[in-house]
Amino acid sequence: MKLNISAALAATVAAAALTGCANHDLIPDIAEVGQAVPTVYWEVGSTVCKAGESFSFQGKYTNVPGRTPLRSEVWYQILRSDNASVSAKLGGASLSYTQTAATLDTMRSFQCHASFPHQAEYWDGHQNIFSGTVPVSRTLSPVTWVDASEWDQERFDTYYPEGFALEFVNKIYEYLTSPESAPSYYSALRTVYLNYNFTNEQFAAVGLPQLDLSAEDGGAAVKSDAWFATTEPTEENQVGVYFITYDANGKAVYNERPMDYVPAEGEVVYPVYKSSPWVFCRYDDNTGGISTSVREDWLPKFRTLLQNIPFRDWIYDSSNGVYKVDFSRSYSLEAQFRSYDKDSDKLNDPNAPEYEGITSKTDLKTISIN
């Protein structure tokens with residue numbers, strides 16, 4: 001069937017040219033008046049399809065005079081979408097950190113997945129119309145891995161991006177042991193120290209005291225005693241004083257002095273209280289109470305200690321007995337309908353070219369696979 005640009009449209013274009021001669025006339029760039037052009041269009045029955053089944057469509061096409069339709073085809077490319085995350089659990093509620101990663105990849109570029117020979121009965125007097133189905137591989141079923149009851153390293157390596165685990169633990173180390181963030185994560189670091197089954201060899205390697213870890217609680221009580229800080233700001237608990245100065249970057253520096261320190265004129269000092277060697281337990285004038293933090297010279301030692309903890313143990317939720325992984329993989333298709341024809345007088349010439357009518361990009365159909 002021919003699709004002709006109407007005489008009315010041509011008249012409209014001519015009138016526009018008379019009113020604005022400098023305007024560019026776009027019609028000759030597209031087609032001459034009266035020129036027949038091939039058309040291809042289609043609609044899909046649903047934008048969702050189950051893996052292992054087929055999606056339906058209705059295709060429509062016309063060809064220019066002098067050409068004979070040969071066939072139509074449905075091509076599609078396969079896209080894979082991965083969404084992955086893990087959540088820290090070892091540090092308790094004080095360490096709320098979830099790391100995510102999302103990727104969208106072209107798993108397979110455009111290929112023909114269904115071909116339909118032309119049939120004379122497709123012609124409805126105006127255009128060729130027919131219905132068909134296109135298969136979808138069962139290998140495109142969605143994948144999920146959530147709250148694993150057992151650790152599967154091979155599965156993790158398959159699903160999660162390379163370097164994901166290293167990036168995660170490095171972020172944890174930064175939160176717990178960098179001078180800038182460690183004060184905010186004091187409770188989380190203490191929780192890790194108390195709850196994780198460190199060995200005395202690991203304690204000794206960083207200068208922490210060796211303890212009796214043989215009790216049924218794994219040494220939690222003695223570790224709690226080892227990590228102590230004063231809670232009552234009494235004179236009996238005071239072991240020194242400190243005053244504050246600021247470095248070139250405006251960061252507060254806490255200068256500790258012994259109890260017999262004599263302040264300079266105008267210098268304000270505050271109490272320092274009994275605590276573990278690595279805990280700076282002090283009176284904070286801003287809050288009007290006791291403040292605790294890990295001393296900065298101990299932070300690198302704790303980082304070394306934390307490096308003994310495997311990645312999977314950071315994300316283990318002991319309360320529910322699961323590893324806090326959350327992975328999902330889904331597939332979708334970008335599909336396109338194409339038609340082919342050939343010069344009628346060269347149908348039997350194997351060297352004669354075939355002509356391909358392809359939908360515009362706006363006619364790409366996205367099919368989600370479930």
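Checked by atom type, the side-chain pair Tyr97/Gln99 shows a donor-acceptor distance below 3.5 Å. Between the side chains of Gln153 and Asp157, at least one donor-acceptor pair of N or O atoms lies under 3.5 Å. At a cut-off of 3.5 Å, with distance as the only test, no side-chain donor of Tyr159 or Arg329 sits close to an acceptor on the other residue. No hydrogens or angles considered: a donor-acceptor pair under 3.5 Å links the side chains of Ser178 and Ser181. A donor atom on one side chain and an acceptor atom on the other are found under 3.5 Å apart for Tyr196 and Asp313. Side-chain contact annotation: Thr39 with Thr62, donor-acceptor N/O pair under 3.5 Å present. Judged by distance alone, the side chains of His118 and Tyr61 do bring a donor and an acceptor atom under 3.5 Å apart. Counting only N and O atoms by type, the side chains of Tyr261 and Glu267 include a donor and acceptor under 3.5 Å apart. Between the side chains of Glu43 and Gln58, no donor-acceptor pair is found at a separation under 3.5 Å. Checked by atom type, the side-chain pair Trp298/Glu296 shows no donor-acceptor distance below 3.5 Å. For the residue pair Thr98 / Ser87, a side-chain donor-acceptor distance below 3.5 Å is found, with atom types taken as modelled.
By the rule that hydrophobic residues join a cluster once side-chain heavy atoms approach within less than 4.5 Å of another member, Val146 and Tyr323 end up as members of separate clusters. Linking Ile, Leu, Val, Met, Phe, Trp and Tyr residues whenever their side-chain heavy atoms come within less than 4.5 Å places Val325 and Val143 in a single cluster. In the hydrophobic cluster analysis, where Ile, Leu, Val, Met, Phe, Trp and Tyr join through side-chain heavy atoms closer than 4.5 angstrom, Leu166 is grouped together with Val86. Cluster membership for Val279 and Tyr242, using ILVMFWY side-chain heavy atoms within less than 4.5 angstrom, is not shared. If you chain together hydrophobic residues whose side chains sit under 4.5 Å apart, Leu305 and Val222 fall into the same group.
Remark: side-chain polar atoms of Thr106 are not paired, donor with acceptor, to backbone N or O of Arg108 under 3.5 angstrom. Side-chain N or O atoms of Asn320 include none that pairs as donor or acceptor with a backbone N or O of Val322 at under 3.5 Å. Of the possible donor and acceptor atoms, one in the side chain of Thr199 sits under 3.5 Å from a partner among the backbone N and O of Gln202. Between the side chain of Asp152 and the backbone N or O of Arg155, at least one donor-acceptor pair lies under 3.5 Å. Looking at Asp212, its side chain does come within 3.5 Å of a backbone N or O of Ser214 through a donor-acceptor pair. In this structure a side-chain-to-backbone donor-acceptor pair under 3.5 Å is missing from Asp343 to Asp345. Here the side chain of Tyr316 pairs no donor or acceptor atom with the backbone of Lys324 at under 3.5 angstrom. In terms of modelled atom types and a separation under 3.5 Å, the side chain of Glu53 and the main chain of Lys50 share no donor-acceptor contact. The backbone N or O of Lys274 sits less than 3.5 Å from a side-chain atom of Thr230, completing a donor-acceptor pair. Not one N or O on the side chain of Ser81 forms a donor-acceptor pair closer than 3.5 Å with the backbone of Ser330.
Residue Ser344 holds its OG atom at 7.5 Å from CG of Asn63, rounded to the nearest 0.5 Å. From Lys60, atom NZ reaches atom OG of Ser131 across 9.5 Å, with rounding to the nearest 0.5 Å. Distance CH2/Trp314 to CG/Leu90: 5.5 Å, rounded to 0.5 Å. Taking CD1 of Ile78 as the start and CG of Asp105 as the end, the distance is 13.0 Å to the nearest 0.5 Å. In this structure, Asp341 CG and Asn128 CG are separated by 10.0 Å, a value rounded to the nearest 0.5 Å. The structure places CG of Asn197 at 8.5 Å from CG of Leu213, a figure rounded to the nearest 0.5 Å.
Within a 6.0 Å sphere centred on CD of Glu150, heavy atoms belonging to other residues, nucleotides or ligands number 12 at most. Heavy atoms from other residues, nucleotides or ligands lying under 6.0 Å from CG of Asp225 number more than 12. Remark: Glu121 CD is packed, more than 12 non-hydrogen atoms of other residues, nucleotides or ligands lying under 6.0 Å away. Applying the 6.0 Å contact sphere to CZ of Arg138 captures no more than 12 heavy atoms from other residues, nucleotides or ligands.
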List the steps, then state whether side chain to side chain contact (heavy atoms under 4.5 Å, CB included) holds for Leu299 with Val294.
-> CA-CA 7 Å; Leu299 292 176; Val294 174; 3.7 Å; yes
Can Leu333 and Val136 be said to form a side chain to side chain contact (heavy atoms under 4.5 Å, CB included), step by step?
-> CA-CA 9 Å; Leu333 313 177; Val136 175; 3.9 Å; yes
Apply ring-ring contact (aromatic ring centres under 6.0 Å, His included) to the pair Phe110 and Tyr76, showing each step before the final yes or no.
-> CA-CA 5 Å; Phe110 277 103; Tyr76 61 71; 8.6 Å; no
Run the numbers on Leu208 and Trp278 for side chain to side chain contact (heavy atoms under 4.5 Å, CB included), then give the verdict.
-> CA-CA 9 Å; Leu208 286 166; Trp278 54 88; 3.4 Å; yes
Taking it one step at a time, do Glu73 and Arg338 satisfy salt bridge (Lys or Arg N to Asp or Glu O under 4.0 Å)?
-> CA-CA 5 Å; Glu73 296 176 348; Arg338 308 182 180 190; over 6 Å; no
For the pair Tyr122 and Phe116, evaluate ring-ring contact (aromatic ring centres under 6.0 Å, His included) and give the outcome as yes or no after the intermediate values.
-> CA-CA 11 Å; Tyr122 291 166; Phe116 306 90; 8.8 Å; no
Please lay out, stage by stage, how Phe280 and Tyr254 fare under the test ring-ring contact (aromatic ring centres under 6.0 Å, His included).
-> CA-CA 10 Å; Phe280 182 35; Tyr254 300 99; 5.7 Å; yes
Stepwise, does the side chain to side chain contact (heavy atoms under 4.5 Å, CB included) test hold for Ser224 with Arg190?
-> CA-CA 9 Å; Ser224 180; Arg190 184 177 183 275; 3.4 Å; yes
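Aromatic ring orientation, Trp145 versus Tyr160: perpendicular (interplanar angle above 60°, classes split at 30° and 60°). Ring orientation note: the planes of Trp151 and Phe311 are nearly perpendicular, at an angle over 60° on the 30°/60° scale.
Side-chain contact between Ile244 and Asn255: absent, with no pair of heavy atoms (C-beta onward) separated by less than 4.5 Å. Side-chain contact between Tyr193 and Phe203 is present, with at least one heavy-atom pair separated by less than 4.5 Å. The side-chain heavy atoms of Phe57 and Val134, taken from C-beta on, include a pair separated by under 4.5 Å. Two residues are said to be in side-chain contact when any heavy atoms from C-beta on lie closer than 4.5 Å; Gln238 and Val241 meet this criterion. Using a 4.5 Å heavy-atom cutoff, the side chains of Phe302 and Val206 are not in contact. In this structure, the side chains of Pro161 and Glu167 stay at 4.5 Å or more apart for every pair of heavy atoms. Side-chain contact between Arg67 and Tyr355: present, with at least one pair of heavy atoms (C-beta onward) separated by less than 4.5 Å. Residues Thr68 and Lys342 are not in side-chain contact: their nearest non-hydrogen atoms beyond the backbone lie 4.5 Å or more apart.
Of all the heavy atoms in Asn83 and Ala102, the pair that sits closest is OD1-CB, 3.5 Å.
Under the 6.0 Å cut-off for aromatic ring centres, Phe156 and Phe327 do not qualify, their centroids lying 6.0 Å or more apart.
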